[in-house]
Amino acid sequence: MSNSVISVISRFLEEYTTTTPNKLKVVDAYLLYILLTGALQFLYCLLVGTFPFNSFLSGFISCVGAFILGVCLRIQINPQNKGDFLSISPERAFADFLFAHTVLHLVVMNFIG
Amino acid sequence: FTPLRGGLSGGLSQPAGWQSLLSFTILFLAWLAGFSARLFAVIRFESIIHEFDPWFNYRATHHLTTNGFYEFLNWFDERAWYPLGRIVGGTVYPGLMVTAGLIHYVLNLLHVTVHIRDVCVFLAPVFSGLTSISTFLLTKELWNQGAGLMAACFIAIVPGYISRSVAGSFDNEGIAIFALQFTYYLWVKSVKTGSVFWSIGCCLSYFYMVSAWGGYVFIINLIPLHVFVLLLMQRFSKRVYIAYSTFYIIGLVLSMQIPFVGFQPIRTSEHMAAAGVFVLLQVYAFLQYLKDRLTKQEFQTLFFLGVSLAAGAVFLSVIYLTYTGRSSYAKIHIPIIASVSEHQPTTWVSFFFDLHILVCTFPAGLWFCIKNINDERVFVALYAISAVYFAGVMVRLMLTLTPVVCMLSAVAFSSVFEHYLGDDMKRQSPPLEDSSDEDDRKNAVTMLMLMLLMMFAVHCTWVTSNAYSSPSVVLASYNNDGSRNILDDFREAYYWLRQNTDEHARVMSWWDYGYQIAGMANRTTLVDNNTWNNSHIALVGKAMSSNETAAYDIMRSLDVDYVLIIFGGVIGYSGDDINKFLWMVRISPSVASQPQESDYFTPQGEFRVDKAGSPTLLNCLMYKMSYYRFGEMQLDFRTPPGFDRTRNAEIGNKDIKLKHLEEAFTSEHWLVRIYKVKKPENRDRVEHKLRGADTTKQKYTSKKVSGGAEASSEGVFIQERTQLDGT
C-alpha cells in the first residue's frame, strides 16, 4: 500500500513538472513559500504561547489570505479554466489580486497592534 | 442617406435608453415614496428621537461629534450603571454612530449646518431609499430587471421594514437592512462572475454590516450554508471556490476589527459553520484538482490516506469545539429576556399586518425560483426558508423576513405580468378563434393583480400611519370632536430633572427608562436598557418591591438621590410600572426569608391593588410611590377618590405616609412621579412619647458612722429620666 502511494506521488510529481506551464509553476513556488511561512508562525505560536493574540491572528490570517488569493490567481490565469472565466482576462485577474492584497494588508496592519 | 427619424415609428428608438430612464425614474420614485411614508411622526409631532434605544444611540453619536472618533472608540461612560459604569467603546456596534457622524461632518464641511439630532432623525428614511436600490440590484441578479423594480417598490413601503425605520427611530436596523441586502447582492454577483474584485466588495460590505448590527451572524451562517448546499447538489465550480474562500478569510479578519466582536469569529459556535465549510471547501477543491490529474486507481489509493487524515482532523476539531464552544442564544428561561415583548413568538396576525398580500404571493415566487434553479436561486431559496423559521420564533425577527418576501413576491408578480401582458408579436402564432377570450382573460387577470397591488399600497400607508408612527415619548389622544390632546409628561419630567437637580445626581428607575433619562435629563442612572448586568437590575427590582425601610437601605448603599416611576392610573396608561411590577419581583433574587412572588398575590391568586390585595403588595415601595396622595384625588364624580383607571379598581391603601422619601415632582397627568431620597437624620429620631417623670425612690444610706442624731440619713433623690428610644 505504501509502495503504491509513493509510486502514485512520484508519478504525480513527474506529470506536474512536465505538463504545467512556467507561469503556474512560479505561482506554485510562491504558494509553497506562503505555506511554509504560515506553518512556521503556527509552530512559533504553539511553542511560545498566544500572548498578543491579535498579533498572532493577524500574521497567520495574512498568510492564509495570501495563500487563498494566490490560489485564486492561479485558477484564473490557468488556460485550462478559460471556459469558466470568460469575462476575466489574466490581466484583470492580476489587477484583482493586487486590489485584494491592498485591502488585506491594510486590515492586517491595523490588526497587528 | 436616410435621416434618422427619432420617434415612435414601429417601435422605440434606443430601447435600452428608455429602459434605463424608466428604471431610474421608478427607483427615484420608490426612494421618494419610502422617505415620505416614514415622515408621519415628524409631521404630526416634531423631529424627535423616538422610543428608548435610539436615545442611547443619539447620545453616543453626540459624544462622537463633540469629542472625536478616538474618544468615542475609547469611551468609558461613568454616568450609566452607577457605580459600575459602562465601557461603551467595546460594547456597542459603532456603524450607526459613525455613519451619522460622517454625514454630519461632511454636511458641516460644506457649510450646510445641520444639527446632529436632525441627521439622526432622518437617517433611517434616507437609508430606506438605498435599501430599495440594493434590493433592486439583488433581484435583478436573481431574476430580471422588471422583478427588481417591483421588489424595490415593495420594500420601500412594506410595513415590516417601516416599523424599524421611521423618521426618529435611530436604531441599528435602519442601516443594517441596507448593508444586508447590499452584501447579499455582492455575494450573488461574486458567485456569478467568480471575480476576486466582487468578493472583496462583498467583504467590505460585510465589514460595514458587522459594524452596524448583531444580525451579521445571519450572513456568516447563510453564505456557508449556501456553499454547502451547492456542494451537496454537485454544483461545485471554481467560481464558488474563489468567491467563498476570499470572502471567508478577508471577511474574518475584517470582522475582528470591531472591538465589540473581538475574537468571537474564531471562538463562538455561531461562527463555526463558516470555518467548517471553509475547510471542507479547501479539501474538496484539492481533491477535484487531484482527480483531474490522476487516474482512477491512483486516486483511490490516495483517497484512503486522505480520508483517514481528514477523519482524524475532524475528530480532533469536534473535541476542541465541544470543549470550548458555547451557544449564547436568547434563552427563553431567563426572565429578563423573556420579559421583552419583542421576543415573544409571532402570531399569524403579525404576518398579515406587516406583509399583507406579499406573504401570500411569496411562496409562489419561491416555487418559480426552485423550478428554474441555478446557483443564485439556491441562495434565495435558503434565505427564504431560514428567514421564515426565524420570523416564526420571535416577533422582532419579522424584519429579516421582509426583504426576502419582497423579492420573491416581486418574482411572482413579475412572472404573472410577463405571462399575461406579454407582447403578442413575441408569441408564436396565437390561435385566432380564441383571441377575444384570451384577451378577456388577460385583461381580467391584469386588473385583478393591479387591484391587489393598490390595496397593498393603501394597507401599507394605513398601517404606517396608525401603528408605527408613534414617538412613544409623546402621547396623543383624540377627543370626541377629533381635536388632539397631547400628553407631554415624559419630557416635562425629564426636563424638570435636568433643570432642578444637581448635575451629579443619581436617578433610580426601572431599566426601561434608563436611556431616556440619560439622553433627555442628562443624569446618572443605575440601570438602563442595555441590561448587561442582571444582578444590578435584580437589586433595583428588590428595592422597588420591598417595604420602605428595606428599600431605603438598598438605596443608601447605591447612593441614590432620586427615584423615578411611571404611573398610569390617572389617564389609564397601561404601560406603567405597576403593570410591570411582577417582572420586577420575578427578576429580583428571592431568598427564602424574603417575599416570594406568590406573596404579592391574593390567596385566590389574583393581582389586586384594592383593599383585597395582599398586604405585601400594599406596603411595598412601588405601591406607595405610585399611589402617594392619589387617595385624595377624585377624577370623576361617578368614581370614588383614589380610583385607578388602568386597573379599574379603587386603591386599598389610601393613607400613605412616606418616611424616607419625599415627593419631588409629579407631572401634569401624574404619569411620571419623581421622589427625592432623604438623607439620614443627623441624630436618631426620638419617638413622640410623653415625657414622663420617673419617681423611683433611691435609698442612699450613708456609711459614715458618727455619733449623734444623724446616724442614718436617708437621701431621697427624685430623678427625672427621659426615655430614649434605642435604635
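Residue numbers begin at 1 in each chain, while the letters A, B, ... track the order of the sequences.
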Note to self: Return the CZ to OG1 distance between A/Phe97 and B/Thr246, rounded to the nearest 0.5 Å.
What the structure shows: 11.0 Å
Next item on the list: Assess whether atom OH of B/Tyr70 is packed by more than 12 heavy atoms of other residues, nucleotides or ligands within 6.0 Å.
Entry: no
Next item on the list: Using a cut-off of 6.0 Å, state whether more than 12 heavy atoms not belonging to B/Phe236 lie near its atom CZ.
Entry: yes
Notebook entry, point to check: How close do B/Val253 and A/Phe111 get, heavy atom to heavy atom, and via which atoms?
Noted result: CG2-CD2, 4.1 Å
Margin query: Between B/Phe207 and chain A, with a heavy-atom cut-off of 4.5 Å, which part of the residue counts as in contact: side chain, backbone, both or neither?
Written below: neither
Item checked: B/Tyr248 versus chain A, the contacting section by heavy-atom distance below 4.5 Å -> neither
Checklist line | Any side-chain donor near an acceptor of the partner, B/Ser195 and A/Asp96, under 3.5 Å | finding: yes
Check: Are there residues of residues 63-76 of chain A that reach to under 4.5 Å of chain B by heavy atoms, and which ones?
Finding: A/Val64, A/Gly65, A/Ile68, A/Leu69, A/Val71, A/Cys72, A/Arg74, A/Ile75, A/Gln76
Checklist line | Region of B/Phe278 that comes under 4.5 Å of a non-hydrogen atom in chain A | finding: side chain
Next item on the list: Let me know if A/Thr19 has heavy atoms under 4.5 Å from chain B in its side chain, its backbone, both or neither.
Entry: side chain
Next item on the list: Check the surroundings of atom CZ in A/Phe42: do more than 12 heavy atoms from other residues, nucleotides or ligands lie under 6.0 Å from it?
Entry: no
Notebook entry, point to check: Distance from A/Asn110 atom CG to B/Leu254 atom CG, nearest 0.5 Å?
Noted result: 9.5 Å
Next item on the list: With rounding to the nearest 0.5 Å, note down the distance linking NZ in B/Lys238 to CG in A/Asn78.
Entry: 8.5 Å
Margin query: Using a 6.0 Å cut-off, check whether atom OH of B/Tyr105 has over 12 heavy atoms from anything other than its own residue.
Written below: no
Check: Would you find more than 12 non-hydrogen atoms of other residues, nucleotides or ligands less than 6.0 Å from B/Lys291 atom NZ?
Finding: no
Next item on the list: Go through the atoms of B/Ile249 and report whether side chain, backbone, both or neither lie under 4.5 Å from a heavy atom of chain A.
Entry: both
Next item on the list: Answer yes or no: does atom OH of B/Tyr289 have more than 12 heavy-atom neighbours from other residues, nucleotides or ligands under 6.0 Å?
Entry: yes
Check: Among A/Leu86, A/Val108, A/Asp84, which has the most heavy-atom pairs under 4.5 Å with chain B?
Finding: A/Asp84
Check: Should A/Val107 and B/Ile250 be marked as a side-chain contact (heavy atoms from CB on, under 4.5 Å) after you check the CA-CA gap, both sets of side-chain angles, and the distance that decides it?
Finding: CA-CA 9 Å; A/Val107 182; B/Ile250 302 198; 5.7 Å; no
Note to self: Looking at B/Leu231, I want to see if its CG is surrounded by more than 12 non-hydrogen atoms of other residues, nucleotides or ligands under 6.0 Å.
What the structure shows: yes
Notebook entry, point to check: Relative to chain B, which segment of A/Thr102 carries a heavy atom at a distance below 4.5 Å: side chain, backbone, both, or neither?
Noted result: neither
Next item on the list: Please examine the side chains of A/Asn54 and B/Met256, heavy atoms only from C-beta on, and report whether any two atoms are closer than 4.5 Å.
Entry: no
Next item on the list: Classify the ring geometry between B/Phe197 and A/Phe99 as parallel (under 30°), tilted (30 to 60°) or perpendicular (over 60°).
Entry: tilted
Notebook entry, point to check: With side chains defined as the heavy atoms from C-beta onward, is the minimum distance between A/Leu57 and B/Phe263 less than 4.5 Å?
Noted result: yes
Notebook entry, point to check: Take atom OH in A/Tyr33; do more than 12 heavy atoms of anything else shown fall under 6.0 Å from it?
Noted result: no
